[in-house]
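Written out below as structure tokens is the structure these notes cover.
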Amino acid sequence: MDNELIASHFDEMAELLEIRGESTFRVRAYRNGAKSIRDLTESVASILADPNRKLTDLPTIGDAISEKCKVLLETGKIPQLEELRKEVPAGLLQIMRVPGLGAKKAKALYESLNITNIDELRAACEQKKVRELKGFAAKTEESILKSLDQLASTSARMLLDEASYLVESLRKHLQVIPSIKQLEFAGSYRRGKETVGDLDIVIVSKHPDAAMDQLNSFPRLQEVLARGDTKMSIRVHGGFQVDMRVVPAESFGAAMQYFTGSKEHNVEIRGRAKKLGLRINEYGVYREEDLDHPIAGETEESVYAAVQLPWIAPELRESRGEFEMAEQGRLPQLITLADLRGDLHMHTTATDGENTLEEMVAAAQARGWEYIAITDHSQRVSVARGLDGTRLRAQWQEIDRLNEKLEGRFWIFKGIECDILEKGGMDLPDDVLAEADWVLASVHFGQQQPREQITDRILGAIRHPSVSCVAHPTGRLLGRRPPYEVDLDAVMQAAQEHGKLLELNSNPARLDLHDIHCQMAAARGIPLVINSDAHSIHHFDLLKFGILTARRAQLEATAVWNTLSCDELKKRLANLKQP
Ligand code: DGT
Ligand code: CA
Ligand code: CA
Ligand code: ZN
């Protein structure tokens, strides 16, 4: 059993206990335990197997969790969790995740109106029963209904990080079968789409049954939806579907091409094949007059070559002009993770980060980066203990000292993620901001303001002489919160005029700006920066999702400033500050 699966058991325990009204202390213990396990770089099983080591030596893992890990690994179950599952209706978990509700309200809805699932919740809101309850109001009812509409349109899809956890556990589980010669994930996951409907596995094997039997024993399996000779579909706990196809080696490229999609891309490639007297399907490329002998299909390259095109990167396969580019030899040299030389948005223990300044620096150096910017929150974000001018200047002194110690091997830019106030204007005095190397401007409050007001606030920030960049410019949270009503065209116009940057925030729930907006910004010559918004050293890993989005936006490295050398970046940031 891998760490991810173990962690998901403890997350579920935390949620169920929270609904039952257990102490926040106990709930948090399970949640922190789940997180520790997820962040481990070795398996829980191997630690338990080592007589010289104890799980309780890990941070946030006490006896209770350690014991449950042992039981879970031995029996595949946690008895207390089984009990909780029986006690708490499963639908309540979904209800507590509705934005604005949480565990307490879910519990109240259950106890007073016997609401046990989303449909009953919607009905009760529509019948105006919810506003009668203590702690609820007519306004709550309206906002619940709005959230439910929002959920209905996205909740059935996985975020990229959820998808990649599931991909890794499936990969580990399947690759032990010797008759599986190749195993790749196709579909929207391979195209790096921001949400993924289901996973599509393509396998090369002469023994489809062995592969399917192994999928059948996947620990997260909930039910088998269909099983044929070479095709199988399952549903895993959490509700997501996984489709598997087993193909012969000579069809692997054709199958990958077909199942990677997108559908629109495939329609277009088939059209091209037709004009050449060819036919393409998931088994290969054929001449119309001889459908028994494929002329290509073992590799994707061979499939594209058969229609006289170079291979097209999966992220581009959305029927957004990639065929014309391929034909004219204009395919972009897409940016890669290795192009990044630093990260310009992160938090430390000074505010709501989990690691110290030094730890962030060490982790960044370990990745081979040349620089980072520290951008803790400003004072308005009081829940995160945002920095005022005095604390910020103290942090900058520490950065000066560290920079000196690093002797040019690495550089820390003095930054801040400064809030744009509700009434407009920046959250820190001009003289403080003027001393920063890098100022991210962010909206965290008053996100629901009308279009003109919120747009004016952001435009004001862009015009501010010390602001370098707008962070997560639309504020959307996938599946949870729609973007601000901001006039993005006006924002881009202003950024272009003032030479300011826009951020592609790599947090998988944000991916903000999204692919199409990034492409629009780059086309206007607006410089972009791809940031992790790390709140811990582990979050640097999130950059891979930002890179996927950037590739879908057809970006090359030159469009993104944190691919620049440290010297060049210093120069450009200094120039930004010229009035
Ligand atoms: P998703 O799962 O909703 O995020 O999106 P996809 O693109 O992964 O879609 P999915 O899983 O339904 O199918 C995977 C790929 O297989 C899809 O991108 C293209 C191909 N495909 C599936 N059904 C059809 C079809 O009816 N016609 C064609 N041409 N291709 C199909
Ligand atoms: Ca899919
Ligand atoms: Ca599928
Ligand atoms: Zn941030």
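Order of appearance sets the numbers: ligands from 1, and atoms from 1 within every ligand. Just so it is clear, the structure is predicted and the values come from calculations on it, not from any experiment. Just so you know, these numbers use all the heavy atoms, side chains as well, and skip hydrogens, waters and symmetry mates.
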- [ ] Flag the pair Glu300 and Arg190 as a salt bridge only when some basic side-chain nitrogen lies within less than 4.0 angstrom of an acidic carboxylate oxygen.
- [x] yes
Open item on the list: Whether the Asn531 and Asn505 side chains hold a donor-acceptor pair (N or O, under 3.5 Å, no angle test) is what I'd like checked.
Closed with: no
- [ ] Kindly compute the distance separating CD1 (Ile547) from CD1 (Ile335), expressed to the nearest 0.5 Å.
- [x] 4.0 Å
Task: Protein N, O or S within less than 2.8 Å of the Zn ion (ligand 4), waters excluded - done: His345 NE2, His347 NE2, Glu417 OE1, Asp533 OD1
Task: Ion pair Arg171/Glu168, N-O distance below 4.0 Å - done: yes
Task: Aromatic ring proximity Phe540/Trp369, centre distance under 6.0 Å - done: yes
Open item on the list: With a 4.0 Å cut-off on N to O distance, would you call Glu315 and Arg552 a salt bridge?
Closed with: no
- [ ] Count up the protein N, O or S atoms sitting under 3.0 Å from the Ca ion (ligand 3), would you?
- [x] 4
Open item on the list: Under a plain distance cut-off of 3.5 Å, with no hydrogens placed, do Glu322 and His265 share a side-chain donor-acceptor pair?
Closed with: yes
Open item on the list: Taking the basic N atoms (NZ, or NE/NH1/NH2) and the acidic carboxylate oxygens, is any pair closer than 4.0 Å for Arg191 and Glu318?
Closed with: yes
TODO: Answer yes or no: is there an ion pair linking Asp388 with Arg380, defined by an N-O contact shorter than 4.0 Å?
DONE: no
